[in-house]
Undergrad: 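I am attaching a structure below and will ask some questions about it afterwards.
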Protein chains: 2
Amino acid sequence: MVADNIRRRKWQQNPDAVKNNILETATAIFAKDGFSGARMDDIARQTETSKRMVYYYFTDKKQLYITVLEAAYAKVRAAENELNLEGYPAGEALIRLIGFTFDYHRNHPDFVRLIQIENIHQARHLATSDIISAVNLSAIAALERLIKRGSEAGEFHSNNDALELHWLITSSCVFNITNRASFQQLYGANLFTDDGQDRLKKLIISSIMQTVLA
Amino acid sequence: MVADNIRRRKWQQNPDAVKNNILETATAIFAKDGFSGARMDDIARQTETSKRMVYYYFTDKKQLYITVLEAAYAKVRAAENELNLEGYPAGEALIRLIGFTFDYHRNHPDFVRLIQIENIHQARHLATSDIISAVNLSAIAALERLIKRGSEAGEFHSNNDALELHWLITSSCVFNITNRASFQQLYGANLFTDDGQDRLKKLIISSIMQTVLA
DNA sequence: TGACAAATTAACTAAATAGTACATTTTAAG
DNA sequence: CTTAAAATGTACTATTTAGTTAATTTGTCA
């Protein structure tokens with residue numbers, strides 16, 4: 001009604017902030033509830049904007065989800081670039097890499113859960129994303145160079161395989177997040193205090209290093 | 001139930017078979033689509049009976065899901081009992097345990113995915129199940145005895161912690177299944193052929209054994 | 001200033017989905 | 001042979017949920 005447009009609040013346009021706000025909210029909710037479990041209405045409600053805006057910028061649920069996934073991967077790449085593995089002797093570099101991987105996963109549980117959700121859906125969406133492939137392949141390439149360096153210096157034995165090693169490192173770091181709920185439920189929280197996490201980190205590092213060293 | 005190439009006017013009661021059939025179907029579908037993603041209609045359709053029966057025996061979706069989870073855990077317990085770890089020297093027993101864990105997860109991907117789904121939902125349902133706690137605590141107890149035996153025999157060093165070790169073993173074995181889709185998508189199938197899986201199994205065993213041995 | 005596009009609001013719809021009502025058939029006990 | 005309870009079939013409903021329509025406000029630029 002024209003008569004009560006006085007009562008309407010005024011608002012300012014701020015597309016970027018709105019988009020970001022939606023993305024962040026959606027990330028949290030997808031990570032918490034999974035793709036099917038997440039409700040567009042929940043996302044919209046927790047946003048500072050409206051449901052209509054979610055669709056306006058992200059088309060539909062699937063698109064929103066894919067955008068969330070890609071944004072999460074983009075962050076990893078940024079973090080990895082700061083590692084500077086080349087600046088250390090191979091053995092030390094590997095220790096740093098394992099530690100970094102452990103910490104990164106620990107500090108970004110939403111990211112890890114998103115991947116988990118993606119796996120439950122047979123990684124269908126991942127399949128279509130170039131951004132995501134790129135991030136991961138560059139991680140393997142870096143590890144390959146590291147192994148080569150370590151072998152040539154006589155620090156590492158000569159049979160290390162980059163992909164297998166990546167698998168081994170990643171498995172514990174991912175599991176540490178993905179299965180925390182069930183682990184805690186069954187065995188208590190001891191492993192997930194700061195102290196417990198330090199012990200686990202050391203355990204992984206020692207276990208992997210002994211496998212790699214000459 | 002009855003194969004009906006003839007129009008079936010009569011039917012036979014077979015409660016147990018019907019229940020089992022529903023459970024097996026539901027297990028597969030929950031494992032494939034997650035709790036929220038699974039559709040009761042899908043489950044009913046893939047069953048040899050009707051939707052009505054699903055609700056008749058299992059009340060609602062949640063109850064059905066919990067029953068599926070518990071049945072999966074009950075199977076693990078049965079398998080574990082056949083391991084007979086006490087019959088071997090500690091080192092050899094541990095190698096067998098790791099190998100068994102790897103193989104069991106590999107051969108029961110649905111089981112692993114169910115746990116994963118449960119974790120996405122913060123292990124809420126797991127919390128309410130006594131059956132499931134029991135299975136897991138007994139696994140830790142067995143490992144504790146094994147470590148004690150190994151330490152006393154001088155095979156293992158003296159600082160091994162059962163829970164940490166269980167965590168380390170489980171992490172790789174679980175990850176091997178849960179993240180297969182994304183791993184394969186990104187790096188190809190090499191690690192998941194029979195040959196690749198053998199290599200990974202050996203890798204885990206060697207990596208863990210070096211950590212545990214004196 | 002005015003007109004046109006981009007951004008936003010509020011209310012609505014069509015489809016999907018968990019769950020139910022009720023009738024019918026089978027089984028087993030007396 | 002009856003009868004009641006257990007098991008099953010058929011068809012339906014209420015609710016949830018992704019997605020839309022249409023009107024309104026704000027920003028931009030000639």
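Order of the sequence lines sets the chain letters (A, B, ...), proteins ahead of strands, with each chain counted from 1. Because only heavy atoms are used, hydrogens play no part in the values below, and waters and symmetry mates are left out as well, while side chains stay in. On a predicted model such as this, the values are computed, not experimentally measured, just so you know.
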Undergrad: Give the minimum heavy-atom separation between B:S182 and A:N119, together with the two atoms involved.
TA: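 Closest approach of B:S182 to A:N119: N-OD1, 2.8 Å.
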Undergrad: Hey, can you pull the donor-acceptor pairs under 3.5 Å for the side chains in residues 65-75 of chain B, sequence neighbours left out?
TA:
| from | atom 1 | to | atom 2 | distance (Å) |
| --- | --- | --- | --- | --- |
| B:Y65 | OH | B:E118 | OE1 | 2.8 |
| B:T67 | OG1 | B:Q63 | O | 2.7 |
| B:E70 | OE2 | B:S129 | OG | 2.7 |

Undergrad: Does OP1 or OP2 of D:dG9 have a side-chain N or O of B:S50 closer than 4.0 Å?
TA: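 Yes, because at least one side-chain N or O of B:S50 sits under 4.0 Å from OP1 or OP2 of D:dG9.
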Undergrad: Could you give the CZ-to-P distance, from B:F58 to D:dA7, as a whole number of Å?
TA: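 It is 12 Å, rounded to the nearest whole Å.
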Undergrad: Could you give the CD1-to-C1' distance, from A:I22 to D:dG19, as a whole number of Å?
TA: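 Value for this atom pair: 15 Å.
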Undergrad: Could you say whether A:R39 or A:T59 is positioned toward the 5' end of DNA chain D, judged by the nucleotide with the nearest heavy atom to each?
TA: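 Its nucleotide being nearer the 5' end, the pick is A:R39.
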Undergrad: Starting from C1' on C:dT26, measure out to OH on B:Y56 and report it in whole angstrom.
TA: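 For the pair B:Y56 OH and C:dT26 C1', the rounded distance is 12 Å.
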Undergrad: Rounded to the nearest Å, what distance is computed from the CG atom of residue B:D33 to the P atom of nucleotide C:dA16?
TA: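 That distance rounds to 16 Å.
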Undergrad: Verify the distance criterion only: is there a donor paired with an acceptor across the side chains of B:S171 and A:S171 at less than 3.5 Å?
TA: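 No - no donor-acceptor pair under 3.5 Å links their side chains.
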Undergrad: Test your reading of the model: is there a side-chain donor-acceptor pair from A:H166 to the backbone of A:A162, 3.5 Å cut-off?
TA: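 Looks like no, no N/O pair under 3.5 Å.
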Undergrad: Rounded to the nearest Å, what distance is computed from the CG atom of residue A:N21 to the P atom of nucleotide C:dA7?
TA: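 Nearest whole value for this atom pair: 16 Å.
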Undergrad: For the side chain of B:Y55, starting at C-beta, report the closest nucleotide among C:dT17, D:dA18, C:dT20.
TA: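 So the side chain of B:Y55 is nearest to C:dT20.
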Undergrad: Counting just side-chain N and O atoms, does A:Y57 come under 4.0 Å of either OP1 or OP2 of C:dT8?
TA: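 Affirmative; the distance criterion is met.
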Undergrad: Anything under 3.5 Å between a donor and an acceptor, one on a side chain of residues 45-58 of chain A, the other on a protein residue two or more places apart or in another chain? List them.
TA:
| from | atom 1 | to | atom 2 | distance (Å) |
| --- | --- | --- | --- | --- |
| A:R45 | NH1 | A:D42 | OD1 | 3.2 |
| A:T47 | OG1 | A:I43 | O | 3.2 |
| A:K51 | NZ | A:D41 | OD1 | 2.9 |

Undergrad: Which nucleotide, D:dG9, C:dT8, D:dA6, lies nearest any side-chain atom of A:M53?
TA: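 The nucleotide sitting nearest to the side chain is C:dT8.
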Undergrad: Side chain of B:K61, base of C:dG19: donor and acceptor closer than 3.5 Å?
TA: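 Counting by modelled atom types and ignoring angles, no donor-acceptor contact under 3.5 Å is found here.
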Undergrad: Would you indicate what A:A38 reaches in the nucleic acid, counting non-hydrogen atoms under 4.0 angstrom: base, sugar-phosphate, or nothing?
TA: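 Counting heavy atoms under 4.0 Å across all strands, the contact made by A:A38 is with sugar-phosphate only.
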Undergrad: In whole angstrom, give the distance that lies between atom CZ of B:F35 and atom P of C:dT17.
TA: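 Between P of C:dT17 and CZ of B:F35: 14 Å.
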Undergrad: Between C1' on D:dT17 and CG on A:D42, what's the gap in Å once rounded to a whole number?
TA: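 Distance check: A:D42 CG to D:dT17 C1' gives 11 Å.
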Undergrad: Nearest to the side chain of B:T49, heavy atoms from C-beta on, is which of C:dA18, D:dG9, D:dT20?
TA: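 Taking heavy atoms from C-beta onward, the closest nucleotide is D:dG9.
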Undergrad: Looking only at side-chain atoms of B:R52, point me to the closest of C:dT8, D:dT8, D:dG19.
TA: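 Between C:dT8, D:dT8, D:dG19, the one nearest the side chain of B:R52 would be D:dT8.
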Undergrad: Just the rounded figure in Å: distance from P of D:dA11 to CG of B:D41.
TA: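 Distance, rounded to whole Å: 15 Å.
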